[in-house]
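Here's the structure, in structure tokens; my notes come after.
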Amino acid sequence: MDIRIGCCGFPVKREEYFSKFRVMEVQKTFYSPPRVETLRRWRMEATKGFEFTLKAWQVITHEAASPTYRRLKKHPDNWKKSNYGSFKPTDEVFGAWEETEKAAAALGAGIIVFQCPPSFLPTELNKKNLRRFFRTIDRGGYTFVWEVRGDWKEEEVKALCEELDLVHCVDPFKAKIERGRIRYFRMHGIGGYRYKYTGMDLKKLRDFCESEIEKAGDRHAYVLFNNISMMHDAMRFKWIIENTGRIKEINTDFIKSLCHRIEYDEEDEKVERLSREAERIVSLILHTDYARVDIEIEKSKLRELCRQLFPDKEYLYEMIYSQRFDRLWEQFREIEKGE
């Protein structure tokens, strides 16, 4: 079973990310395509066999992207908002496709994701523009993935995907996949961006992916996390893929216990990491001549680490660590200086 797991964007430094995953969906190409040289450097830095996918520039799909296009391309003052987004047959939209294709080539990417806004509704004009766009551009061997977020009927999405050879992209906890030579899932969080997937969520996702791969003829699936805990959820999902079978093949109580343990192990690892960093600062206060300003810099780094590891519990830093550091400084450093 080939499930390719990763994140939407780099949640950590590139070197660390490349060491842990083999695929990543580039987000910057959606907002403002980086220089080709930058993308080529990413390609060179990546490990052997690493795969990039990318989101198409929003100028193609989003009418609200027109100010961005105007700023980046230094468009004349007679620009018209009506020329942007919704796959319209305009120079602006096709120019944005050219920039997207350049980015894909620089990354060596084979998959391009076209994410539509909820405002892209199934009107006859939108369908006409969609057909014209994908029939006009040079597909160049790329796989085109279409993420629909508007109020579309299942049969409409399926028919257009089949007609235009598009892979239907969904969050499997929110929508039904209609069609695709591969399976491409973007995980936005069941309850929104701040949602952290439970072990059972990820176990169900594993089983779902296996079923969908079988439906697609034993082809591979992509699972890209795009929530606040994307890195940790992707790592936990990777572990589940490598170490468990289907729920129906294993005692459900055992799976719940296993997933529960995985989550607690992860929490313990986070706490241990924070404790190590805190003890290092304690050592700096007690056993070095670090100036107060340098200690404050180290404290700010620990505060940021606490925020990253426990985004919903930022108060932990002030409750557990900050007061302790201040107390040690007062007891040992200020006494030494006769203050």
Side-chain angles (χ1 to χ4, degrees), residues 4-76 79 83-88 90-117 133-134 137-147 149 167 169 184 186-188 193 222-228 230-231 234 308:
R4 304 179 184 185
I5 305 165
C7 299
C8 296
F10 288 113
V12 292
K13 292 182 178 179
R14 292 194 296 275
E15 182 179 2
E16 179 181 354
Y17 187 92
F18 290 145
S19 70
K20 297 181 182 298
F21 299 103
R22 58 171 178 154
V23 65
M24 195 273 284
E25 182 187 281
V26 177
Q27 301 292 286
K28 287 189 174 182
T29 49
F30 176 75
Y31 298 103
S32 175
R35 298 174 57 192
V36 168
E37 292 78 9
T38 298
L39 299 176
R40 286 175 179 164
R41 185 174 70 251
W42 292 2
R43 177 71 270 169
M44 293 180 65
E45 292 173 353
T47 52
K48 184 178 180 181
F50 188 89
E51 182 178 4
F52 288 100
T53 68
L54 75 156
K55 285 176 69 177
W57 195 0
Q58 61 179 329
V59 170
I60 299 172
T61 51
H62 291 57
E63 292 182 2
S66 54
T68 302
Y69 187 92
R70 182 186 183 195
R71 182 178 71 252
L72 292 175
K73 306 301 289 185
K74 297 181 180 179
H75 208 288
W79 67 283
N83 289 351
Y84 299 82
S86 300
F87 300 96
K88 294 171 183 172
T90 63
D91 291 341
E92 289 81 1
V93 167
F94 285 113
W97 161 247
E98 291 178 3
E99 295 298 319
T100 298
E101 200 281 328
K102 289 177 184 176
L107 290 166
I111 295 176
I112 300 176
V113 181
F114 295 83
Q115 182 192 62
C116 289
F133 178 84
F134 284 110
I137 63 174
D138 182 2
R139 301 184 75 101
Y142 294 112
T143 295
F144 290 154
V145 173
W146 182 28
E147 184 174 20
R149 296 190 294 170
V167 172
C169 169
Y184 197 98
R186 304 184 80 241
M187 311 304 298
H188 297 296
Y193 180 72
Y222 292 80
V223 178
L224 286 304
F225 287 85
N226 190 36
N227 57 321
I228 196 169
M230 63 178 78
M231 181 72 176
Q308 292 177 3

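Closest approach of Cys7 and Met24 over heavy atoms only: O-CG, 3.5 Å. In plain terms, the two heavy atoms of Thr61 and Pro117 that are nearest each other are O-CD, 3.5 Å. In this structure, Ala56 and Ile60 approach most closely via the heavy-atom pair CB-CD1, 4.1 Å. Here the closest heavy-atom approach between residue Val23 and residue Leu224 is recorded as CG1-CD1, 4.4 Å. The two residues Pro34 and Thr29 make their nearest non-hydrogen contact at CD-CG2, 4.0 Å. Between Trp146 and Cys116, the shortest heavy-atom contact is NE1-SG, 3.3 Å.
When the ring-ring contact (aromatic ring centres under 6.0 Å, His included) test is applied to Phe21, the partners found at least two apart in sequence or on another chain are Tyr17. A search for salt bridge (charged side-chain N to carboxylate O under 4.0 Å, His left out) contacts involving Glu37 returns Arg35, not counting sequence neighbours. Listed by chain and residue number, Phe18, Phe52 satisfy the ring-ring contact (aromatic ring centres under 6.0 Å, His included) test with Phe50 (two or more places apart in sequence, or in another chain). Under the ring-ring contact (aromatic ring centres under 6.0 Å, His included) criterion, Phe30 pairs with His62, sequence neighbours left out.
With Leu54 as reference, Ile112 is the one residue of Ile111, Leu39, Ile112 to meet the side chain to side chain contact (heavy atoms under 4.5 Å, CB included) rule. For the ring-ring contact (aromatic ring centres under 6.0 Å, His included) with Trp97, the qualifying choice from Phe87, Phe144, Phe134 is Phe144, the only one to do so.
Judged by distance alone, the side chain of Thr90 and the main-chain N or O of Asn83 form a donor-acceptor pair under 3.5 Å. A donor-acceptor pair under 3.5 Å is formed between the side chain of Thr100 and the backbone N or O of Trp57.
With values rounded to the nearest 0.5 angstrom, Glu98 atom CD is found 9.5 Å from Asp91 atom CG.
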**Message:** Please evaluate residues Glu147 and Lys55 with respect to the criterion salt bridge (charged side-chain N to carboxylate O under 4.0 Å, His left out), reporting the C-alpha separation (whole Å), side-chain torsions for both, the decisive distance (0.1 Å), and the verdict.
**Reply:** CA-CA 10 Å; Glu147 184 174 20; Lys55 285 176 69 177; 5.8 Å; no
**Request:** With side-chain contact (heavy atoms from CB on, under 4.5 Å) as the test, would you mind laying out the steps for Asn226 and Met187 before giving the verdict?
**Result:** CA-CA 5 Å; Asn226 190 36; Met187 311 304 298; 6.0 Å; no
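Taking 4.5 Å as the limit, some side-chain heavy atom of Leu107 sits within range of a side-chain heavy atom of Val26. Counting only heavy atoms from C-beta outward, the side chains of Phe94 and Ile137 approach each other to under 4.5 Å. With contacts defined as side-chain heavy-atom distances shorter than 4.5 Å, the pair Tyr31/Gln58 qualifies.
Using a 4.0 Å cut-off between a side-chain N of Lys or Arg and a carboxylate O of Asp or Glu, Lys13 and Glu16 do not qualify as a salt bridge.
The side-chain hydrogen bond (donor to acceptor under 3.5 Å, both in side chains) pairs that include a residue from residues 38-54 are Arg4-Glu51, Arg14-Glu45, Glu51-Tyr222, Thr53-Tyr184, where partners are two or more places apart or lie in different chains. Applying the salt bridge (charged side-chain N to carboxylate O under 4.0 Å, His left out) definition to pairs two or more places apart or across chains, those involving residues 17-33 are Asp2-Arg22, Glu25-Arg186.
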